[in-house]
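Here is the structure we will look at, set down as structure tokens.
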Amino acid sequence: MRTILTTEQLSSGIDRLAAEVQAGSTGGQLTVVGVLTGSIVLVADLIRRLDGPVRLQMVVASSYRGAATTPGRLDMRLDLLPDLAGQDVLVADDIFDTGRTLAALVGELRQRGAARVRSLVLLRKQGRAEVALKPDFVGFEIPDEFVVGYGLDFDGRWRHLPYVAVLEKGEIAAGDLAEVAVVS
Ligand code: IMP
Ligand code: MG
């Protein structure tokens with residue numbers, strides 16, 4: 001494994017993200033919607049840096065892929081969401097890869113009548129976007145490689161690492177990525 005973002009870099013990145021979110025604050029309540037499971041570490045660190053009235057709800061969004069580079073069906077479970085009518089919403093996810101997960105979620109939240117829906121991701125993979133939506137806040141741009149740690153997993157593992165690392169070829173057996181369900 002090769003570390004690309006250290007704990008210290010992540011920490012100052014989250015400081016910056018929180019400051020950017022705060023700078024666009026209306027002063028009213030902010031509803032943070034975190035995407036399970038990959039965003040839990042990010043969200044835990046982010047909300048503790050926000051001032052003002054914040055509420056948090058986690059939702060499930062999982063993309064299952066038939067192959068590593070082919071996004072598949074997207075499963076969303078939004079039943080736990082509070083009434084969003086007129087609310088200021090910030091959706092937070094671990095990584096923007098094709099962007100399909102975030103684009104679908106943002107569309108759904110807008111449909112629920114939120115006054116404003118902004119989106120934030122810790123990581124954005126370069127050259128992968130397949131949607132028009134651009135996240136409002138991006139922590140770090142990363143190359144198109146498979147990363148784990150700080151919430152991100154491979155086959156359910158490595159979410160607990162306090163840094164972000166690239167899985168080297170060999171750590172991912174040939175075909176593994178094609179078989180695994182990449183669960184958000
Ligand atoms: P998107 O819909 O293609 O943007 O995919 C986003 C989801 O795919 C993320 O929420 C992650 O769960 C997963 N994902 C994409 N790239 C990686 C990666 O490099 N490591 C771990 N998970 C990833
Ligand atoms: Mg995810």
Side-chain angles (χ1 to χ4, degrees), residues 10-65 71-125 128-142 147 149-153 156 159-160 164 181-184:
L10 288 164
S11 179
S12 50
I14 310 294
D15 284 344
R16 177 174 50 76
L17 284 172
E20 288 174 15
V21 170
Q22 205 72 58
S25 162
T26 59
Q29 173 172 259
L30 179 67
T31 301
V32 175
V33 175
V35 183
L36 289 170
T37 304
S39 78
I40 58 164
V41 184
L42 165 69
V43 162
D45 281 345
L46 181 73
I47 59 173
R48 285 179 289 173
R49 288 162 164 87
L50 297 177
D51 292 326
V54 169
R55 63 177 181 171
L56 172 66
Q57 184 59 56
M58 304 303 285
V59 297
V60 178
S62 308
S63 41
Y64 297 88
R65 295 162 188 233
R73 184 170 58 88
L74 182 66
D75 251 7
M76 287 198 284
R77 291 192 43 199
L78 309 179
D79 37 304
L80 294 173
L81 278 176
D83 181 14
L84 294 180
Q87 293 295 308
D88 185 15
V89 176
L90 178 72
V91 195
D93 202 1
D94 50 4
I95 188 165
F96 189 98
D97 183 17
T98 65
R100 290 180 182 277
T101 306
L102 206 62
L105 260 173
V106 166
E108 186 64 37
L109 298 174
R110 290 213 166 106
Q111 281 208 337
R112 291 172 183 233
R116 175 165 76 155
V117 181
R118 293 176 298 164
S119 57
L120 177 151
V121 292
L122 178 70
L123 308 174
R124 176 163 61 189
K125 273 192 200 174
R128 293 273 302 163
E130 294 178 8
V131 297
L133 176 90
K134 297 204 169 19
D136 298 287
F137 309 101
V138 176
F140 301 91
E141 302 282 348
I142 63 165
V147 293
Y150 200 78
L152 293 126
D153 75 307
R159 292 195 199 276
H160 61 292
V164 172
V182 180
V183 177
S184 291

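Sorted pairs that involve residues 22-36 and meet salt bridge (charged side-chain N to carboxylate O under 4.0 Å, His left out), not counting sequence neighbours, are lacking altogether. The salt bridge (charged side-chain N to carboxylate O under 4.0 Å, His left out) contacts involving residues 30-47 comprise Asp45-Arg48, where partners must be two or more places apart or lie in separate chains. Residues in residues 19-31 take part in these salt bridge (charged side-chain N to carboxylate O under 4.0 Å, His left out) pairs, two or more places apart or across chains: Arg16-Glu20.
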Derivation of the side-chain contact (heavy atoms from CB on, under 4.5 Å) call for Lys125 and Ile95: CA-CA 8 Å; Lys125 273 192 200 174; Ile95 188 165; 3.7 Å; yes
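For the pairing with Asp93, the side-chain contact (heavy atoms from CB on, under 4.5 Å) check across Leu123, Leu42, Thr101, Val33 returns one residue only, Thr101.
The backbone N or O of Ser119 lies less than 3.5 Å from a partner atom in the side chain of Asp136, making a donor-acceptor pair.
Here the CZ atom belonging to Phe96 is positioned 7.5 Å from the NZ atom belonging to Lys134, to the nearest 0.5 angstrom. For the atom pair OH (Tyr150) and OG (Ser11), the distance works out to 7.5 Å, reported to the nearest 0.5 Å. Note that CD of Gln22 and CG of Leu50 are 5.5 Å apart. Values are rounded to the nearest 0.5 Å. Expressed to the nearest 0.5 Å, how far CG of Leu36 lies from CE of Met58 amounts to 4.0 Å. Note: Leu152 CG to Ser39 OG = 9.5 Å, rounded to the nearest 0.5 Å.
Side-chain contact between Arg100 and Val131 is present, with heavy atoms from C-beta onward closer than 4.5 Å. In this structure, Leu120 and Leu46 have side chains that are in contact, with non-hydrogen atoms separated by less than 4.5 Å. In this structure the side chain of Arg118 reaches within 4.5 angstrom of the side chain of Phe137, judged on heavy atoms. In this structure the side chain of Asp15 reaches within 4.5 angstrom of the side chain of Arg49, judged on heavy atoms. Taking the side chain as every heavy atom from C-beta outward, Phe140 and Leu122 approach each other to under 4.5 Å. Inter-residue side-chain proximity for Val121 and Asp94 is flagged as unmet; no heavy-atom pair is nearer than 4.5 Å. Between Leu30 and Val21 the shortest side-chain heavy-atom distance falls below 4.5 Å. Leu56 is listed as a side-chain neighbour of Val43, based on a closest heavy-atom distance under 4.5 Å.
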When the side chains of residues 81-89 are checked against the rest of the protein, which donor-acceptor pairs come out under 3.5 Å, sequence neighbours left out?
residue : atom : partner : partner atom : Å
Asp83   : OD1  : Ala85   : N            : 3.1
Gln87   : OE1  : Gln29   : NE2          : 3.1
Gln87   : OE1  : Arg55   : NH2          : 3.4
Asp88   : OD1  : Arg116  : NE           : 2.9
Asp88   : OD2  : Arg116  : NH2          : 3.0

Ignoring hydrogens and angles, write down the donor-acceptor pairs under 3.5 Å from the side chains of residues 102-115, residues two or more places apart or on other chains.
residue : atom : partner : partner atom : Å
Arg110  : NH2  : Val117  : O            : 3.3

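Remark: Asp79 engages Arg77 in a salt bridge (Lys or Arg N to Asp or Glu O under 4.0 Å) (not counting sequence neighbours).
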